[in-house]
Amino acid sequence: RMTSVNANYGALVALQNLRTTQTELTQVQDRINTGLKVASGRDNGAVFAIAQDQRGRLAAQSIIRDAIDRATATIDVGLSAAGSVQNVLMQMKDKALAASAPGLSTTQIAAYNTDFVALRESLDPLVTAAQLNGQNLINDSGASFTVKVNDLSLSTVITVTGQGLTTASLGIDSLTFSTAGEASGAVSTINGAISSINSAVASLGARGKALEVIKGFNSKLSDSVEKGLGILVDADLARESARLQSLQVKQQLGAQALSLANQSPQLVLSLFR
């Protein structure tokens, strides 16, 4: 082929190939550095758009799990306090039962009543203290709230209904006794209060269990979405590492080819010696 000093076509071809190799090498290095084969819309616009949507869903699921955790913690505080109220009511029942026994003097019954009233007066402070995140699920206001449990539908929620477990709500805020007969009546009233608390605990416990199940599902869903995201955008680092070595060798050979091509015009000078 004719050698020209005006245009070194061999050098141009070698330079073009070297640039192509350099572009591929830069791409592989970026994939190794980021761990991603699709790091921006320039790499693959359609895949990047899908990946961004999935990343948004993962972020939403994380927020939902945090909300479920807060709601669960609030329910747990309510359940714990309700359990303490149950224990106090059982102690009150024992005092009333003891006072209802025949043959006791007025003084003995009064002593049992003193203990009974002291226990009753400890209930409302206990209920008031059962607060977390500004919410109390067992006081008279019975504050209810909803928990969003799905990132695809704003209406998919679980409602946690507050319960009234103060002495006023339970109908025992002024309960006392001074005779065996009144003590026996107090036992019946306390039994009714215990039944109300059992219903409240069942309601709160059911909501807590539902949230636990949904959190487990959301966690598995997030794992699946994250796995799918990885399939879309993650680079095969073993493959890219092998390709990197290949391109580095190719780059060196390309540089040598360019050097040789640049020397070819020098041969023309030998014709004039």
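Counting begins at 1 with the first residue of the sequence.
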If you measure from [atom1] on [X] to [atom2] on [Y], what distance do you get to the nearest 0.5 Å?
X      : Y      : atom1 : atom2 : value
Arg120 : Asp173 : CZ    : CG    : 7.0 Å
Ile194 : Ser199 : CD1   : OG    : 12.0 Å
Gln61  : Asp66  : CD    : CG    : 11.5 Å

For [X], all residues meeting side-chain hydrogen bond (donor to acceptor under 3.5 Å, both in side chains), sequence neighbours excluded:
X      : value
Glu226 : none
Ser188 : none
Ser222 : Arg65

Would [X] and [Y] show up in the same hydrophobic cluster when neighbours are defined by side-chain heavy atoms closer than 4.5 Å?
X      : Y      : value
Ile158 : Phe145 : yes
Ile172 : Val88  : yes
Leu175 : Leu126 : yes
Leu119 : Ile197 : yes

Which residues pass the side chain to side chain contact (heavy atoms under 4.5 Å, CB included) test with [X], sequence neighbours left out?
X     : answer
Arg19 : Leu15
Ala51 : Arg55, Leu229, Val233
Ala99 : Ile109, Tyr112, Phe177, Ala183
Asn87 : none

Evaluate the side chain to side chain contact (heavy atoms under 4.5 Å, CB included) criterion for residues Leu170 and Ile190: first the C-alpha distance (whole Å), next the side-chain angles of each, then the deciding distance (0.1 Å), finally the verdict.
CA-CA 9 Å; Leu170 296 175; Ile190 294 298; over 6 Å; no
On a heavy-atom basis, which atom in Ser100 and which in Ser184 lie closest, and how many Å separate them?
CB-N, 3.8 Å
Apply the test side chain to side chain contact (heavy atoms under 4.5 Å, CB included) to residues Thr166 and Ser169: give CA-CA distance (whole Å), side-chain angles for both, the deciding distance (0.1 Å), then the verdict.
CA-CA 5 Å; Thr166 62; Ser169 296; 3.2 Å; yes
For Asp115, give me all partners under salt bridge (charged side-chain N to carboxylate O under 4.0 Å, His left out), at least two apart in sequence or on another chain.
Lys95
Expected list for residues 201-218: side-chain donor-acceptor pairs under 3.5 angstrom, two or more places apart:
{"residue": "Ser203", "atom": "OG", "partner": "Gln163", "partner atom": "NE2", "Å": "3.4"}
{"residue": "Arg207", "atom": "NE", "partner": "Thr159", "partner atom": "O", "Å": "2.7"}
{"residue": "Lys215", "atom": "NZ", "partner": "Asp69", "partner atom": "OD1", "Å": "2.6"}
{"residue": "Asn218", "atom": "ND2", "partner": "Val149", "partner atom": "O", "Å": "3.4"}

Donor-acceptor under 3.5 Å ([X] side chain, [Y] main chain):
X      : Y      : result
Asn136 : Ile138 : yes
Thr74  : Arg70  : yes
Ser62  : Leu58  : no
Asn113 : Phe116 : no

Throw together a table of side-chain donor-acceptor distances under 3.5 angstrom for residues 75-86, partners on residues two or more places apart or in other chains.
{"residue": "Ser84", "atom": "OG", "partner": "Ser80", "partner atom": "O", "Å": "3.3"}
{"residue": "Gln86", "atom": "NE2", "partner": "Asn198", "partner atom": "OD1", "Å": "2.6"}

Is there a side-chain hydrogen bond (donor to acceptor under 3.5 Å, both in side chains) between Thr167 and Asp124 once you walk through the steps?
CA-CA 6 Å; Thr167 54; Asp124 285 343; 2.9 Å; yes
Is Leu221 close to Arg57 at the side-chain level, that is, under 4.5 Å between some pair of heavy atoms?
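In short, these two side chains touch, coming nearer than 4.5 Å.
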Is any side-chain heavy atom of Glu121 less than 4.5 Å from a side-chain heavy atom of Val117?
yes
Sequence neighbours excluded, every pair satisfying side chain to side chain donor-acceptor pair (under 3.5 Å) that has a member inside residues 102-111
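For residues 102-111: Ser105-Gln108.
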For side chain to side chain contact (heavy atoms under 4.5 Å, CB included), just list the numbers for Leu232 and Ile50, CA-CA rounded to whole Å, side-chain angles, deciding distance to a tenth of an Å, and then say yes or no.
CA-CA 9 Å; Leu232 285 173; Ile50 294 172; 3.6 Å; yes
Any pair with a residue in residues 25-77 that passes ring-ring contact (aromatic ring centres under 6.0 Å, His included), sequence neighbours left out, goes on the list, sorted by first then second residue, please.
none
Just do the side chain to side chain contact (heavy atoms under 4.5 Å, CB included) check on Leu123 and Leu89 with the steps written out, would you?
CA-CA 9 Å; Leu123 290 176; Leu89 287 176; 4.0 Å; yes
